[in-house]
*Asks:* 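Before I ask anything, let me first share the structure, which is written out below as structure tokens.
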Protein chains: 2
Amino acid sequence: MVSKASEHKKDSIPYRIGKVVLDTSLFVNPEVRKYFGETPTEALEGFLFLAAQIPILEFYMPPSIFKELLHFVNKDKISGDLLVILHQKPPSKYEMSCPAFLLYELIEDIRNRINKGLRVAESAVRTVGKKNEGEVIQELRRKYREALREGIIDSKEDVDLILLAKELDALLVTADHGVIKWAEKLGIKWLFPEKFREFLLGSIKKAKQIYLIEDKDRKNQS
Amino acid sequence: MVSKASEHKKDSIPYRIGKVVLDTSLFVNPEVRKYFGETPTEALEGFLFLAAQIPILEFYMPPSIFKELLHFVNKDKISGDLLVILHQKPPSKYEMSCPAFLLYELIEDIRNRINKGLRVAESAVRTVGKKNEGEVIQELRRKYREALREGIIDSKEDVDLILLAKELDALLVTADHGVIKWAEKLGIKWLFPEKFREFLLGSIKKAKQIYLIEDKDRKNQS
């Protein structure tokens, strides 16, 4: 790829701009954001600092996900760079389509989970008397959520992420296993947030190489 | 439409063959099958008797639905006409697609139902002690199914029906409210099974008119 740079027009970047779609988990999940900063606000700033040095990448977030993010960060501390670097774009949901066989998979998955949820509920009813009611309800909630919601796309925010990444042919950065499962089905590139800082550092290096090559080309020409 | 018949080639039927996709409820649901016969087997025979007189219609059933039907009918009593009149065709699920915005609707619907299911389960736990455990479980099952499965497409058989009707641009005959809801979203013609016998009788009449006209045309020409 690098060797072809000189064949292109000299004043523009001769590389296809890569696109990246970000989930909130990157800044919110403590296990993950630690690579960028202590708090969500610091993590977001840490990301912006790196992202600003990578003209070969564009960063996107669906507005629904961005809204979630704003609940966690101190808006006053975030610079205006945010709006320039992190593009808010909803997917074109009325123009896009999804392969029909995925409907089967989604509906079979949900059907199994619904049955599992009923078994969880029945077993909770049978435990009353052996345990205190409050405890039984706590456990019911935990197990029910586990059965019905983990590892599945279960919100419009999840669908937004998947469709936007598909539409933009972008790299999707998320820790959500349900979202990753669908990314796999739909041929969407994805990356665990744990690896994202390294990815950005590598991209900074690549961007510098490209500009060095361009500079050299320009000097050779003149 | 009738007046255009004479412009067409004389030896073929000059009308577009209408296609109809059938759900099992037509033959299995007692409220519905009564228009065709007392038992599922009689209802199926009653349908075949009428359908055989309508060369302007083709009848289809996804194999998954046909398999369901076979659980209810006495196979020995059904004539070979069945296989000629009622075509078994699965939808082309790897070629078809569904509009992405429907994913949002499906997932939002399921999310609400999952939350409702948890409330049903919690309230069951709280009733133990006031009622006998067996009763509580019975009620839990009923209410849970109501909350999670009614009015929603919840099986691959449902998806088969919808996609096949869409693929064939067919009239979908079903009593399932979840399936009808999706037919509405996808622009699929649908009919309640209660009206289906009348529809067939009307089609017999129409088929006869067409053939009379054709006959007349043929005599006028010769």
Side-chain angles (χ1 to χ4, degrees), chain A residues 64 91-111 113-115 117-129 131 133-141 143-145 147-149 152-160 162-163 166-167 178 182 186, chain B residues 64 91-111 113-115 117-129 131 133-141 143-145 147-149 152-160 162-163 166-167 178 182 186:
Chain A
S64 61
S92 309
K93 56 178 141 175
Y94 286 92
E95 286 159 36
M96 297 178 71
S97 61
C98 104
F101 75 88
L102 281 184
L103 270 187
Y104 287 88
E105 296 191 12
L106 182 63
I107 279 162
E108 280 291 291
D109 188 12
I110 289 164
R111 190 187 174 90
R113 284 162 186 270
I114 285 175
N115 292 338
L118 181 58
R119 287 198 298 276
V120 167
E122 287 178 10
S123 119
V125 166
R126 292 203 178 92
T127 351
V128 184
K131 274 188 205 168
E133 193 184 280
E135 257 178 86
V136 174
I137 297 232
Q138 284 306 317
E139 200 183 88
L140 164 66
R141 284 184 188 158
K143 287 192 178 165
Y144 185 84
R145 283 213 184 92
L148 274 107
R149 298 184 46 183
I152 193 172
I153 48 166
D154 77 333
S155 67
K156 63 177 175 32
E157 289 78 11
D158 289 351
V159 185
D160 274 344
I162 290 162
L163 291 182
K166 183 76 188 167
E167 180 179 350
W182 272 65
L186 289 166
Chain B
S64 60
S92 310
K93 56 177 141 174
Y94 287 92
E95 286 159 34
M96 299 179 69
S97 60
C98 106
F101 74 88
L102 281 183
L103 271 187
Y104 287 88
E105 296 191 12
L106 182 63
I107 279 163
E108 280 292 289
D109 188 11
I110 288 164
R111 192 187 173 87
R113 285 164 186 269
I114 285 176
N115 292 337
L118 181 58
R119 287 198 299 276
V120 166
E122 287 178 10
S123 120
V125 167
R126 292 203 178 90
T127 352
V128 184
K131 275 188 205 167
E133 194 183 279
E135 257 179 87
V136 174
I137 297 234
Q138 284 307 316
E139 200 182 270
L140 164 67
R141 284 184 188 158
K143 287 192 178 165
Y144 185 84
R145 285 215 182 89
L148 275 107
R149 297 185 46 183
I152 193 172
I153 47 166
D154 76 335
S155 67
K156 65 179 172 32
E157 288 78 11
D158 289 351
V159 185
D160 275 343
I162 290 163
L163 291 182
K166 183 75 188 167
E167 180 180 350
W182 272 64
L186 288 166

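To find a chain, count down the sequence lines: A is the first, B the second, and so on, and within it residues start at 1.
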*Asks:* Between B/Tyr144 and A/Tyr144, how do the two ring planes meet: parallel, tilted or perpendicular, split at 30° and 60°?
*Replies:*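 Taking A/Tyr144 first and then B/Tyr144, their aromatic rings stand perpendicular (interplane angle over 60°).
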*Asks:* What part of B/Arg141 lies closer than 4.5 angstrom to a heavy atom of chain A: side chain, backbone, both or neither?
*Replies:*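 Both backbone and side chain.
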*Asks:* Verify the neighbour count for atom CZ of A/Arg145: are there more than 12 heavy atoms of other residues, nucleotides or ligands below 6.0 Å?
*Replies:*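 No.
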*Asks:* Kindly determine whether B/Thr127 and A/Val125 satisfy side-chain contact (heavy atoms from CB on, under 4.5 Å), including the steps that lead there.
*Replies:* CA-CA 9 Å; B/Thr127 352; A/Val125 166; over 6 Å; no
*Asks:* Go through A/Ile152 and B/Ile114 one step at a time and tell me if the side-chain contact (heavy atoms from CB on, under 4.5 Å) criterion holds.
*Replies:* CA-CA 12 Å; A/Ile152 193 172; B/Ile114 285 176; over 6 Å; no
*Asks:* Roughly how far, to the nearest 0.5 Å, is the CG atom of B/Leu103 from the CG atom of A/Leu102?
*Replies:* 8.0 Å
*Asks:* Locate the shortest heavy-atom distance separating B/Pro91 from A/Tyr104; write the atom from each residue and the value.
*Replies:*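 Shortest heavy-atom separation between B/Pro91 and A/Tyr104 comes out as CG-OH, 3.3 Å.
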*Asks:* In Å and rounded to the nearest 0.5 Å, what is the CG to CG distance from B/Leu148 to A/Leu148?
*Replies:*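 CG of A/Leu148 is found 7.0 Å from CG of B/Leu148.
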*Asks:* I need the minimum non-hydrogen distance between B/Asp154 and A/Ile107, along with the two atoms involved.
*Replies:* C-CG2, 3.6 Å
*Asks:* Sort B/Asp158 into side chain, backbone, both or neither according to what part of it lies under 4.5 angstrom from a heavy atom of chain A.
*Replies:*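 Neither part.
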*Asks:* What part of B/Leu118 lies closer than 4.5 angstrom to a heavy atom of chain A: side chain, backbone, both or neither?
*Replies:*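 Contact with chain A involves both backbone and side-chain atoms of B/Leu118.
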*Asks:* Determine, stepwise, if the pair A/Ile137 / B/Arg126 fulfils side-chain contact (heavy atoms from CB on, under 4.5 Å).
*Replies:* CA-CA 9 Å; A/Ile137 297 232; B/Arg126 292 203 178 90; 3.4 Å; yes
*Asks:* How many angstroms lie between CD in A/Glu105 and NZ in B/Lys156, if you round to the nearest 0.5 Å?
*Replies:* 13.0 Å
*Asks:* Is chain B contacted by the side chain of A/Glu108, its backbone, both, or neither, given a heavy-atom distance below 4.5 Å?
*Replies:*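 A/Glu108 touches chain B through side-chain heavy atoms alone.
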*Asks:* For B/Val136, is it the side chain, the backbone, both, or neither that has a heavy atom closer than 4.5 Å to a heavy atom of chain A?
*Replies:* side chain
*Asks:* Relative to chain A, which segment of B/Ser155 carries a heavy atom at a distance below 4.5 Å: side chain, backbone, both, or neither?
*Replies:*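 Interface part for B/Ser155: both.
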*Asks:* Select one option (side chain, backbone, both, neither) describing which atoms of B/Leu163 are under 4.5 Å from chain A's heavy atoms.
*Replies:*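 When you check distances to chain A, only side chain atoms of B/Leu163 fall under 4.5 Å.
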